[in-house]
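Here's the structure, in structure tokens; my notes come after.
Residue numbers run from 1 in the order of the sequence given.
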Amino acid sequence: MKEMAEVGELATFKLPTGHHIPALGLGTWKSEPNKCREAVYAAVVEAGYRHIDCADKYGNQEEVGEALKAAMETGIARQDLFVTSKLWCADLDPMKVKQALEKALHELQLEYLDLYLIHWPVHTTVDASRPPSKDQVLPLDLNSVWREMEKLVEEKLVRDIGVCNFTVPKLEVLLKTTTIKPAVNQVEMHPGWRNDKILDFCKRHHIHVMAYSPLGSQATDELHDPTVTQIAEKIRKTPGQVLIRWAIQRGVSAIPKSSSPHRIKENMQVFDWKLAAEDFETLSSFQNQKRVQDGYILFINPEEGPLRSLEEFWDGEI
């Protein structure tokens, strides 16, 4: 299990580069228009969050930027914040990487990012439909794209780089040619989808894992799972706190999404207690394992391809 450090009141994990990433951040995927700004401000100023996770594709980076600017105007220093954004599929072209990053910096009103991630390992056209037609999925020159990502670090526009939704085979390919290894792999992870194979691989190769959807989803409804709620009642915590604490005790940082100031503050209250070994093992033993955020709508075209099945897309890791 990774060793955590304490920076102020917020626990962090140490990345391979020596930088520290907060163990808990605020996710902004599907954060409602006009509520995203309020949620980010409340998280940073009122609840003490220091990590905000966003992406170009979420369409709300300008709101995030406005909230971060307002937060820093209260006296919070930029160097105390950790801001993540992601390179979208249509920009997985060596000629577009820096341009996409500069767009993110402009929207976020920042001079640099703490972490920049490849959002999905699929190169699409700008106008790709859902699912994309055959001619809307383009060849991906991952090595050339990654080299451009490395240049962003060299130019001090980004402190760390990484990936999202990469399988073991895709990471193996990437690691063969990197000068700067991916610091992070952001993946779906919760008791209903432990993603054990990728977690084990990343630990062996010193790649930090960040969990999105750490509270499950509407499909898994782990916030109301009887096992989770029983543990929560026993230790007098909320189901959300239990799920977040489980992730952190696995050595994984978590980015739950919420627009509720009360829930945002509640989710932060996970650093002065631990799950007992028996409760941790219970949460780590759910039998029904299912990937929920599987990218099917985004990328799978069973009739035309080139990605015809989830098995192919996830290299069998489903």
Side-chain angles (χ1 to χ4, degrees), residues 1-15 20-29 39 42-44 46-53 82 84 184-196 198-200 202-203 208-218 220-289 292-293:
M1 189 174 296
K2 290 190 178 183
E3 181 181 354
M4 282 195 293
E6 294 291 337
V7 178
E9 298 179 352
L10 184 59
T12 67
F13 290 105
K14 189 175 182 179
L15 297 176
H20 285 86
I21 183 171
L24 180 65
L26 180 72
T28 59
W29 180 47
V44 175
E46 300 171 16
Y49 285 65
R50 291 298 177 262
H51 181 194
I52 303 297
D53 177 86
F82 192 102
T84 298
V184 170
N185 186 18
Q186 185 185 115
V187 296
E188 178 185 354
M189 188 174 287
H190 44 82
W193 179 247
R194 291 189 302 272
N195 223 337
D196 290 332
I198 197 67
L199 180 60
D200 291 344
C202 288
K203 285 184 175 181
H208 178 70
V209 173
M210 187 192 305
Y212 69 76
S213 299
L215 308 183
S217 68
Q218 290 182 344
T220 58
D221 198 21
E222 287 172 33
L223 287 172
H224 297 93
D225 181 273
T227 299
V228 176
T229 56
Q230 286 170 13
I231 291 174
E233 290 171 1
K234 180 179 71 172
I235 64 176
R236 298 182 180 180
K237 303 296 180 184
T238 69
Q241 290 170 337
V242 167
L243 292 168
I244 292 168
R245 186 68 221 182
W246 175 80
I248 292 172
Q249 286 184 217
R250 293 187 96 200
V252 171
S253 57
I255 47 168
K257 175 262 175 184
S258 179
S259 297
S260 163
H262 173 74
R263 184 65 57 81
I264 287 170
K265 292 178 183 178
E266 194 175 75
N267 287 345
M268 177 58 84
Q269 297 166 12
V270 293
F271 295 107
D272 59 352
W273 58 278
K274 291 184 178 180
L275 290 168
E278 60 185 27
D279 293 331
F280 178 82
E281 290 304 321
T282 297
L283 293 168
S284 301
S285 304
F286 280 27
Q287 293 301 306
N288 295 326
Q289 293 291 299
V292 179
Q293 311 300 339

Looking only at heavy atoms, which two atoms of [X] and [Y] are closest? And how far apart?
X    : Y    : value
P256 : L24  : CD-CD1, 3.5 Å
T229 : P239 : CG2-CG, 4.1 Å
F286 : V228 : CZ-CG2, 4.0 Å
A42  : P261 : CB-CB, 4.4 Å

Discussion item. Main chain of V292, side chain of E188: is a donor-acceptor contact present, judged purely on distance under 3.5 Å?
Written reply: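 Confirmed, E188 side chain pairs with V292 backbone.
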Discussion item. Please check this pair: side chain of E222 against backbone of G192, looking for a donor-acceptor N/O pair closer than 3.5 Å.
Written reply: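 Yes; at least one donor-acceptor contact below 3.5 Å.
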Discussion item. Could you check whether any side-chain heavy atom of S253 comes within less than 4.5 Å of a side-chain heavy atom of T12, counting everything from C-beta outward?
Written reply: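 When only atoms from C-beta onward are counted, T12 and S253 do not touch, as no gap falls below 4.5 Å.
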Worksheet item: Does the side chain of L243 come within less than 4.5 Å of H190's, by heavy atoms?
Response: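 A side-chain contact under 4.5 Å is absent here.
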Discussion item. If you apply the rule side-chain contact (heavy atoms from CB on, under 4.5 Å), what do you find for V209 with I198, and how did you get there?
Written reply: CA-CA 9 Å; V209 173; I198 197 67; 5.7 Å; no
Item to complete: Before giving the answer on salt bridge (charged side-chain N to carboxylate O under 4.0 Å, His left out), spell out for R194 and D200 the whole-Å C-alpha distance, their side-chain angles and the decisive distance to 0.1 Å.
Response: CA-CA 11 Å; R194 291 189 302 272; D200 291 344; over 6 Å; no
[X] side, atom [atom1]; [Y] side, atom [atom2] - distance, nearest 0.5 Å:
X    : Y    : atom1 : atom2 : answer
L215 : D225 : CG    : CG    : 13.0 Å
R236 : E233 : CZ    : CD    : 11.5 Å
M268 : E46  : CE    : CD    : 12.5 Å
H20  : H208 : NE2   : NE2   : 11.5 Å
D279 : W246 : CG    : CH2   : 13.5 Å
I235 : K274 : CD1   : NZ    : 13.5 Å

Worksheet item: When you look at V184 and F13, which way does the side-chain contact (heavy atoms from CB on, under 4.5 Å) test go after all the steps?
Response: CA-CA 11 Å; V184 170; F13 290 105; over 6 Å; no
Discussion item. Quick check on side-chain contact (heavy atoms from CB on, under 4.5 Å): which of N267, I255, V44, I264 does L26 satisfy it with?
Written reply: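 Exactly one option meets the side-chain contact (heavy atoms from CB on, under 4.5 Å) with L26, and it is I264.
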Discussion item. So if I apply the side-chain contact (heavy atoms from CB on, under 4.5 Å) rule between T84 and each of I52, T28, D53, I21, which one comes out positive?
Written reply: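 When I52, T28, D53, I21 are each tested with T84, the side-chain contact (heavy atoms from CB on, under 4.5 Å) holds only for D53.
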Discussion item. How about CG on N288, more than 12 heavy atoms from neighbouring residues, nucleotides or ligands closer than 6.0 Å, or not?
Written reply: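 12 or below, so no.
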Practice prompt. Establish, from distance only, whether the side-chain atoms of R245 and Q241 form a donor-acceptor pair under 3.5 Å.
Written response: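 Checked: R245/Q241 side chains show no N/O donor-acceptor pair below 3.5 Å.
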Discussion item. If we count only N and O atoms by modelled type, under 3.5 Å, do the side chains of Q289 and D196 hold a donor and an acceptor together?
Written reply: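 Looking only at side-chain atoms, D196 and Q289 do not form any donor-acceptor pair under 3.5 Å.
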Fill in: Whether H51 and F82 hold their rings parallel, tilted or perpendicular, with breakpoints at 30° and 60°
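Perpendicular: the ring planes of H51 and F82 meet at over 60°.
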Worksheet entry | Set of side-chain contact (heavy atoms from CB on, under 4.5 Å) partners for K257, sequence neighbours left out |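 side-chain contact (heavy atoms from CB on, under 4.5 Å) check on K257 returns S31, E32, S259.
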